[in-house]
Amino acid sequence: MAKIGKTLKNLLAATARGELLLRMRADKYLAHIIYLFVLIAFTLFVNLKMDETMVRREHSRKVLEDTKIFHAQKTFELARYDRISKVQEMLERSGSKVTLPQKKAEKLK
Amino acid sequence: MAEKRTGIQEENTSRKTDRVGIILMVIHAFFLMAAIMLFARIVYIQLTFKPDPRMLSAVKTRSIKTTIEPERGTILAHDGRILATSIPMYQIYMDCTVQKKAFAEMRDKEKGKEKEAEWLSKAKGLSKGLSATFNDKSADEYYKSIEKGRKSGNQYMKIGRPVDHGQLLKLKELPLFNESGYRGGLIVKKIDTRKYPYDALARRVIGHVNNNSETNSTIGIEGNYDYTLHGKEGIEWKKLTDARQRIPEYDSTSVAVENGLDIRTTLDIDIQDITDRALRKRIKENSNIEGGCAIIMDVKTGAIRAMTNLMIDSNGEPREIYNYAIGRSGDPGSVFKLATLMTLIEDGYVKSLETKVPTNKGSWTYNKKTFTDEYLYKWPDTQISIIDAFKISSNNVFRQLACEHYEKDPDRFIRKLYEYKLAEEYDLDIKGLARPVVPGPGSPAWSGTALPSIAIGYTVNVTPLHIITLYNAVANKGKMMKPYFVESFEENGKVKKRFSPTILNGSICSKATADTLTRALNKVTESGTGSALRSARCKIAGKTGTAQIPFTTKGSNGKDKVVYKDANGNRQHQATFVGFFPADNPQYTAIIVFYSKLSRGNLYGAFGIPAFKTIVDEMYALNMIED
């Protein structure tokens with residue numbers, strides 16, 4: 001108990017005098033402290049950048065989704081004109097004389 | 001003197017050191033106090049402090065859980081063309097009250113009024129654009145409704161009808177809508193919609209749903225493969241970044257969405273279109289028609305290339321309302337004679353189609369019942385060959401042959417029909433296959449005249465699909481293929497599961513029998529009841545069939561009874577033509593069936609021939625049939 005008391009007293013005295021880190025020989029680990037500080041700062045920086053990238057990714061995803069929807073819409077519209085009877089209707093309406101072939105196409109050998 | 005100077009210097013130096021030391025001590029003490037206070041504050045916050053809940057909810061970064069709806073799979077034709085796909089539509093709403101309060105509470109009242117006027121002026125521009133887009137109201141009407149909504153505080157005013165993506169982008173360029181939601185008031189609600197590029201073509205086969213949430217449809221491929229097409233919902237957690245943007249938060253509770261698989265069918269949309277048009281045209285040519293169906297099947301695989309079902313609706317228009325092809329099980333009529341002839345040949349009772357049988361002048365008695373045959377009555381000879389009897393579709397000849405050879409053992413005949421899968425409910429890719437009925441000796445439907453009746457296609461109930469499957473087996477030299485609609489499940493173009501053709505019966509008859517039957521079917525189309533097909537672009541082998549359809553009517557005692565003709569002479573008919581082409585190297589088998597309304601008129605098997613010929617001719621001209 002006396003030892004603990006003495007240690008505490010020395011601790012408080014060293015803190016009051018500003019000698020705590022010196023007494024703990026923290027100068028030996030200065031490089032490690034600086035390294036840790038840089039590591040933490042770098043991690044925070046990378047996390048921020050990752051967040052920014054994720055935001056850009058979300059934006060790109062929305063653009064991609066919009067593009068996909070646009071593509072699906074256009075494919076659907078194109079498919080509607082693919083029907084033989086629809087093409088015939090359109091030709092008739094425009095007064096064309098083009099109809100379905102009456103005989104098979106001749107194959108060139 | 002020097003000592004005194006040294007003493008002063010030392011005193012001066014000592015005073016300077018003390019001053020720096022004191023300053024440093026003060027700074028150190030200040031930071032030490034700050035550190036102690038900080039430490040005390042941390043302990044207080046951790047153990048005692050309870051923050052204001054409103055402040056906490058505003059400051060604390062929360063993850064929100066969103067459910068990602070899967071995309072419904074696409075249904076494709078055999079060649080990859082889209083038959084059904086999901087496209088979002090958008091319903092526009094408007095919050096008419098945006099910025100109204102902000103403008104009203106501005107310190108500079110004049111400026112507030114200016115801003116309000118500017119907003120309303122933009123609303124006028126918006127109204128013009130909305131009127132031009134939707135064509136349902138004038139620009140003035142739109143402006144009045146926006147103004148009224150702003151006064152009454154309407155924050156969710158519906159605008160127009162659902163629009164597609166392209167139209168939404170155009171709407172977003174209009175005044176007010178081109179600003180953020182908090183300034184312009186635009187609210188967009190996405191509606192997942194199912195679209196069919198070919199409209200109602202093959203609707204009973206493809207099915208129909210409005211969106212991916214509709215799970216109660218049982219029609220067609222949409223209904224039967226709903227689980228495959230639907231996909232699985234995903235769960236995504238999103239968190240706020242420091243810049244107040246939402247990004248995904250990947251943790252173990254996130255579940256990736258699984259979009260529905262695409263289904264590639266066996267349908268050929270061009271053949272489907274040709275079949276639909278031919279059937280539709282023929283139906284419209286006779287006002288006595290209730291409806292009809294047509295099936296085109298690939299000989300080698302059993303793949304259904306087209307299935308059309310048209311029924312006259314209340315407006316007199318033929319529409320895909322009911323699936324006759326698989327759902328209507330009834331007496332097939334004379335087309336069933338092929339099964340009878342096949343059985344006779346396989347069992348060795350008919351060794352040659354040239355074998356002659358007596359005509360009996362078209363009258364034949366069996367089990368105290370006399371059967372008449374007007375075709376035999378008109379036949380110039382007292383005997384007729386089996387092939388001629390087949391080509392003119394004589395009922396009595398086949399009744400006689402069946403009774404002569406199977407009277408003592410009718411079970412043998414019926415067992416053969418079962419081998420032809422005529423009583424089988426196939427496991428089809430779409431729901432709704434009607435139960436076929438082929439009664440055997442000992443069953444309630446069996447009677448003294450059941451055998452001669454079955455021989456000509458009565459007393460049995462089969463669907464058009466069963467008949468075409470039988471004829472397809474003959475075209476395929478005896479190998480009976482199971483009809484199917486689905487080729488594969490795909491994901492982004494890659495096949496996940498493939499469905500191969502299935503053999504129902506490896507050999508329902510020998511190749512020699514199949515060739516003999518083909519010769520008989522050729523005779524029908526060359527000089528028999530199907531001779532109108534002689535001028536078709538390629539040779540067709542087939543058979544006509546006419547059947548009277550039994551129906552329920554009230555008897556004289558007021559009770560329901562099943563009759564072929566009612567008291568007023570009204571009857572219902574089924575006219576069938578089934579065949580395969582090209583006859584010498586069959587690639588497709590087809591069946592066309594028409595159903596008449598209840599009337600005094602007749603409908604003969606040959607009624608379907610013009611439609612059949614149109615289908616064959618157009619398929620030939622479009623290079624769908626190889627030489």
Side-chain angles (χ1 to χ4, degrees), chain A residues 11-22 44-45 47-89 92 98-109, chain B residues 24-25 27-29 31-32 35-36 71 74 77 81-90 164-169 190 195-199 201 238-250 269-274 276-277 280 537-538 617-627:
Chain A
L11 206 67
L12 282 167
T15 307
R17 280 196 222 115
E19 293 170 355
L20 183 64
L21 290 177
L22 279 171
L44 287 168
F45 175 74
N47 271 334
L48 265 170
K49 287 294 164 192
M50 272 166 59
D51 280 354
E52 278 173 30
T53 306
M54 293 300 283
V55 166
R56 273 203 314 275
R57 182 178 170 271
E58 281 300 292
H59 175 72
S60 300
R61 222 165 77 164
K62 281 200 180 80
V63 170
L64 186 65
E65 202 184 304
D66 278 348
T67 313
K68 267 187 186 166
I69 291 168
F70 183 70
H71 176 260
Q73 179 76 33
K74 289 298 164 196
T75 308
F76 167 73
E77 283 169 23
L78 188 67
R80 288 177 72 86
Y81 291 108
D82 195 24
R83 195 169 161 176
I84 292 176
S85 50
K86 189 138 193 156
V87 170
Q88 278 185 306
E89 246 174 74
E92 267 173 42
V98 175
T99 59
L100 275 176
Q102 295 302 306
K103 57 175 188 166
K104 250 188 173 187
E106 285 178 21
K107 284 184 186 169
L108 296 169
K109 285 182 186 170
Chain B
L24 281 174
M25 279 305 284
I27 293 170
H28 166 70
F31 277 107
L32 188 63
I36 291 167
E71 268 178 41
T74 302
R81 282 189 278 182
I82 294 171
L83 299 178
T85 187
S86 293
I87 294 177
M89 297 290 278
Y90 304 92
D164 62 35
H165 189 73
Q167 287 172 314
L168 176 67
L169 291 177
K190 190 170 159 184
K195 294 280 194 185
Y196 300 89
Y198 299 97
D199 299 320
L201 210 57
K238 286 202 169 175
K239 64 179 182 182
L240 270 179
T241 64
D242 292 337
R244 313 296 294 174
Q245 302 277 331
R246 289 262 174 217
I247 58 170
E249 185 182 11
Y250 295 111
I269 204 65
D270 289 329
I271 299 179
Q272 182 72 41
D273 196 20
I274 289 168
D276 185 273
R277 271 185 300 120
R280 200 173 284 270
R537 298 256 158 79
C538 73
D617 287 350
E618 287 191 11
M619 282 177 68
Y620 185 82
L622 290 170
N623 283 309
M624 293 174 187
I625 302 170
E626 286 168 24
D627 283 323

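Sequence lines set the chain letters: A, B, ... in the order given, protein chains first and strands last, and positions in each chain run from 1.
Interatomic distance, Leu169(B) CG to Asp66(A) CG, rounded to the nearest 0.5 Å: 6.5 Å. Here CD of Gln102(A) is found 9.0 Å from CG of Asp617(B). Values are rounded to the nearest 0.5 Å. With rounding to the nearest 0.5 Å, the separation of CG in Asp164(B) from CD1 in Ile69(A) is 10.5 Å. Thr67(A) contributes atom OG1, which lies 7.0 Å from atom NE2 of His165(B) (distance to the nearest 0.5 angstrom). Distance check, rounded to the nearest 0.5 Å: CD of Gln245(B) to CG of Asp51(A) gives 10.5 Å. Atom-to-atom distance recorded for His71(A):NE2 and Ile87(B):CD1 is 10.5 Å, nearest 0.5 angstrom.
When all heavy atoms of Leu32(B) and Ala16(A) are compared, the pair lying nearest together is CD2-CA, 3.9 Å. Listed here is the closest heavy atom pair of Tyr196(B) and Phe76(A): C-CE1, 3.8 Å. Here the closest non-hydrogen pair linking Pro101(A) and Ala621(B) is O-CB, 3.2 Å.
In this structure, the portions of Ile84(A) lying under 4.5 Å from any heavy atom of chain B include both its backbone and its side chain. With a threshold of 4.5 angstrom between heavy atoms, Gln272(B) does not approach chain A through any atom at all. Only the backbone of Arg17(A) comes within less than 4.5 Å of a heavy atom of chain B; no side-chain atom from C-beta onward does. With a 4.5 angstrom heavy-atom cutoff, Asn47(A) does not touch chain B via any of its atoms. Proximity to chain B is absent for every atom of Leu78(A), based on heavy atoms less than 4.5 angstrom apart. When heavy atoms are compared at a cutoff of 4.5 Å, Thr75(A) approaches chain B solely by way of its side chain, counted from C-beta outward.
Looking at Glu626(B) and Lys104(A), no side-chain N of the basic residue comes within less than 4.0 Å of a carboxylate O on the acidic one, giving no salt bridge. In this structure, Arg80(A) pairs ionically with Asp199(B), as a charged nitrogen and a carboxylate oxygen lie closer than 4.0 Å.
In this structure, the side chain of His28(B) engages the main chain of Gly18(A) through a donor-acceptor pair within 3.5 Å. Of the possible donor and acceptor atoms, none in the side chain of Asp273(B) sits under 3.5 Å from a partner among the backbone N and O of Arg83(A).
Between chain B and the options Ala72(A), Ser85(A), Ala105(A), heavy-atom pairs under 4.5 Å are most frequent for Ser85(A). In terms of non-hydrogen atom pairs under 4.5 Å with chain A, the most contact-rich of Thr74(B), Ile82(B), Leu201(B) is Leu201(B).
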